[in-house]
Amino acid sequence: MSEALLEVRHLKKYFPITAGLLNRTVGHVKAVDNISLTIRPGETFGLVGESGSGKSTVGRTILRLHDKTDGEVRFKGISVHDLSKTEMNKLRPQMQLIFQDPYSSLNPRIRIGDAIGEALLDHGLAAKEDIPGYVMEVMESCGLSAYHYNRFPHEFSGGQRQRIGIARALALRPEFIIADEPVSALDVSIQAQIINLFQKLQHTKGLTYLFISHDLSVVEHLCNRIGVMYLGSMMETAPRDELFLRPLHPYTKALLSAIPVPIPKLKRERIVLKGDIPSPANPPSGCKFHTRCPYAVAQCKEETPEFRQAGNDHYVACHLV
Ligand SMILES: Nc1ncnc2c1ncn2[C@@H]1O[C@H](COP(=O)(O)OP(=O)(O)O)[C@@H](O)[C@H]1O
Ligand SMILES: [Mg+2]
């Protein structure tokens with residue numbers, strides 16, 4: 001698909017498990033195990049799944065903060081993991097990461113205006129004298145005031161810190177942003193403000209997002225398409241409304257059934273999953289979800305289901321569909 005901004009094909013990221021004095025590799029955590037997804041320019045792709053399903057690892061491997069184990073990541077047709085170090089440094093500003101806790105990445109002794117501007121200097125994207133004016137502009141577009149420029153990180157609330165995190169990423173004029181649980185640590189009322197900010201910035205700056213959350217109700221308002229991950233694998237991807245109205249995978253149905261619905265007519269049967277998410281070091285055979293699936297049959301234990309098309313832009317990996 002040439003229209004894609006980002007194409008991920010059969011991506012795998014395994015972390016070695018080492019043991020003993022010699023640090024011998026005794027196994028692998030299959031954090032990302034054959035994931036494919038496509039993100040088109042201007043769209044927001046939501047990646048959801050329980051904690052530990054590999055969402056952050058997908059994000060970090062796309063940005064090449066992790067080396068891949070196998071597969072391919074193409075950004076605007078360029079194979080990200082094949083770039084030289086210099087080429088990668090040139091590409092970096094275009095793909096930015098915003099994470100759950102921006103405070104942890106802010107130096108407590110650096111004024112936030114300088115923190116927002118420092119990457120611009122590092123990448124040689126602006127002359128030193130132009131930075132303060134530009135940073136103030138970016139701060140204002142993120143709902144911060146210019147007079148915050150000289151303040152220190154501890155002087156800000158959680159919501160404002162996330163605005164700083166967004167401003168830092170935005171200062172580099174990226175085209176693509178991966179937001180990894182950016183509102184998960186915030187109060188619900190503040191979550192809505194930050195989500196509105198993401199939306200506003202998308203419209204004014206023409207951004208494309210990969211929005212990661214363990215909470216389907218958070219991605220619902222923001223995303224055009226949604227992918228549901230479980231234990232390193234993609235279970236289902238579909239346009240947002242299609243996924244909410246016609247979920248096909250039992251895991252998606254279970255996640256959806258946990259969201260309270262305001263309209264009783266839409267009330268879904270509550271599906272409670274058995275047990276905990278298994279270890280990605282030793283995932284179940286066949287369909288990885290079969291140990292928790294209320295509908296599993298013998299085939300699910302033996303054969304890995306193919307990720308196949310089940311509707312317009314709708315893909316699912318399930319034997320029962
Ligand atoms: N740097 C790492 N080294 C070893 N294992 C890791 C590393 N990062 C993540 N993992 C493991 O990979 C799996 C997926 O983690 P993660 O991508 O953080 O999931 P999620 O973001 O969906 O919660 C987990 O089992 C986690 O423990
Ligand atoms: Mg995560």
Side-chain angles (χ1 to χ4, degrees), residues 6 8 10-20 23-37 39 44-71 73 80-81 95-105 158 162 165-166 169 177-186 191 194-195 198 209-219 222-223 225-237 243 249 251-252 254-256 258 273 275-284 288-289 291-292 317:
L6 182 86
V8 175
H10 305 295
L11 188 67
K12 292 185 185 173
K13 176 62 193 174
Y14 296 175
F15 295 107
I17 304 166
T18 56
N23 269 334
R24 278 210 333 231
T25 302
V26 293
H28 287 95
V29 175
K30 297 178 176 174
V32 176
D33 199 10
N34 198 357
I35 291 272
S36 297
L37 60 92
I39 306 182
T44 301
F45 188 94
L47 191 59
V48 297
E50 281 164 285
S51 169
S53 55
K55 306 179 299 295
S56 296
T57 306
V58 169
R60 299 181 69 83
T61 312
I62 288 172
L63 297 176
R64 208 173 151 187
L65 300 172
H66 290 314
D67 286 328
K68 64 173 187 179
T69 300
D70 200 6
V73 177
V80 173
H81 286 256
M95 311 162 79
Q96 287 294 304
L97 178 64
I98 292 170
F99 36 99
Q100 179 171 355
D101 178 16
Y103 193 58
S104 64
S105 72
Q162 195 49 280
I166 295 169
I177 288 181
I178 298 185
D180 190 355
E181 309 264 10
V183 300
S184 301
L186 304 174
Q191 282 189 353
I194 298 294
I195 287 178
F198 272 105
Y209 295 135
L210 172 60
F211 196 97
I212 297 174
S213 177
H214 65 277
D215 186 348
L216 253 178
S217 58
V218 166
V219 300
L222 197 63
C223 298
R225 279 189 308 133
I226 295 173
V228 179
M229 264 185 88
Y230 182 78
L231 215 55
S233 299
M234 193 70 89
M235 295 291 153
E236 182 163 10
T237 63
L243 192 92
H249 201 286
Y251 181 56
T252 313
L255 291 182
L256 282 170
L273 295 178
D276 289 328
I277 189 164
S279 161
N282 187 19
K288 288 177 178 173
F289 185 59
T291 55
R292 296 175 76 197

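Note that ligands are numbered from 1 as they come in the structure, with each ligand's atoms numbered from 1 the same way. Side chains included, hydrogens not; waters and symmetry mates left out as well; all remaining heavy atoms used.
- Scored by the side-chain hydrogen bond (donor to acceptor under 3.5 Å, both in side chains) test, Q96 finds no partners at all (sequence neighbours excluded).
- Residues H214 and S184 share a closest heavy-atom pair of CE1-OG, 3.8 Å.
- Considering CE of M95 and CZ of R64, their distance stands at 10.5 Å, rounded to 0.5 Å.
- F15 and H66 have perpendicular rings, their planes meeting at more than 60° on a 0 to 90° scale where under 30° would count as parallel.
- Under the 3.5 Å distance criterion, the side-chain polar atoms of K288 are matched with a main-chain donor or acceptor of L231.
- Scanning for side chain to side chain contact (heavy atoms under 4.5 Å, CB included) contacts around R292 gives E50, Y230, L273, I277, P278, F289, with sequence neighbours left out.
- When atom types are taken as modelled, the side chain of Q162 and the backbone of P182 share a donor-acceptor pair closer than 3.5 angstrom.
- Listed as neighbours of ligand 1 are F15, V29, A31, E50, S51, G52, S53, G54, K55, S56, T57, P280, each bearing a heavy atom under 4.0 Å from the ligand.
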Can D215 and V48 be said to form a side chain to side chain contact (heavy atoms under 4.5 Å, CB included), step by step?
CA-CA 7 Å; D215 186 348; V48 297; over 6 Å; no
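- The count of protein N, O or S atoms under 2.8 Å from the Mg ion (ligand 2) stands at 1, with waters excluded from the count.
- The shortest heavy-atom contact between M234 and I35 is N-CD1, 3.4 Å.
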